[in-house]
Amino acid sequence: MSETQSQQFSDDMNRYYDQFMDVMKTLGENSPEYIKGFGEFVKAGEKNGALSSKFKELISVALSVVTQCPYCVAYHVKNAIKEGATKQEIIESAMVAGVMGGGPAVAHIKLVIDACDQFN
């Protein structure tokens, strides 16, 4: 498969990320208390503790694959990269999801690879 053909089959993870952020903005405009509470909830769950933020983002990548959520994949791969995760670490976290989630989860690893390539 040529690079052009491969690009045709590649999901635009930037688009998924931007759409998710647009939803969050719209929710914030319509229900600021909801977004404030959700944001605090996310920060509390993802901050450094016994597990590093990077490790938590890798877990989130795996859960995004199992739940088959392209918006979540885009968001958490981008955050994992920001936290210093390598492409190999991100893909391996997705592979664990494939073990637990079976064929459909393995198929969604394609989104993780696309996101790594687009956000790196």
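This one's a predicted model, so the numbers in the text were calculated from it and none came from an experiment.
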Side chain to side chain, [X] and [Y], heavy atoms closer than 4.5 Å:
X: E89; Y: K54; value: yes
X: N120; Y: K87; value: yes
X: T86; Y: I91; value: no
X: I81; Y: K78; value: no

(request) Calculate, to the nearest 0.5 Å, the distance between atoms SG and CG belonging to C69 and L111 respectively. (result)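 Spacing of SG (C69) from CG (L111) equals 9.5 Å.
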(request) Nearest 0.5 Å please: distance from the CD1 atom of I109 over to the SG atom of C116. (result)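 One gets 11.0 Å once the value is rounded to the nearest 0.5 Å.
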(request) Mind checking side chain to side chain donor-acceptor pair (under 3.5 Å) for K56 and listing every partner two or more places apart, or none if nothing turns up? (result)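 Listed in chain order: nothing, the list is empty.
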Identify whether [X] and [Y] are in the same connected component of the hydrophobic contact network (ILVMFWY, side-chain heavy atoms under 4.5 Å).
X: V77; Y: M95; value: yes
X: L58; Y: I113; value: yes
X: I59; Y: V106; value: no
X: Y71; Y: M24; value: yes
X: V61; Y: M100; value: no

Shortest non-hydrogen contact from [X] to [Y]?
X: S93; Y: A62; answer: O-CB, 3.4 Å
X: V66; Y: A105; answer: CA-CB, 4.4 Å
X: S60; Y: E46; answer: OG-OE2, 4.3 Å
X: Q68; Y: P70; answer: O-CD, 3.4 Å
X: F119; Y: A74; answer: CE1-O, 3.3 Å
X: S53; Y: N48; answer: N-OD1, 2.7 Å

(message) One pair to check against side-chain contact (heavy atoms from CB on, under 4.5 Å): H108 and V73. What are the steps and the verdict?
(response) CA-CA 9 Å; H108 278 76; V73 168; 5.9 Å; no
(message) Going by ring pair (Phe, Tyr, Trp, His ring centres under 6.0 Å), name the pairs with one or both residues in residues 23-69, residues two or more places apart or in two chains.
(response)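 Not a single pair qualifies under ring pair (Phe, Tyr, Trp, His ring centres under 6.0 Å).
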(message) Quick one: does any side-chain atom of Q118 pair with a main-chain N or O of M13 as donor and acceptor, under 3.5 Å?
(response)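 Yes; judged by distance alone, with no hydrogens or angles, the pair exists.
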(request) Report the residues that fulfil ring pair (Phe, Tyr, Trp, His ring centres under 6.0 Å) with F20, sequence neighbours left out, ordered by chain and then residue number. (result)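 Expected list: Y75.
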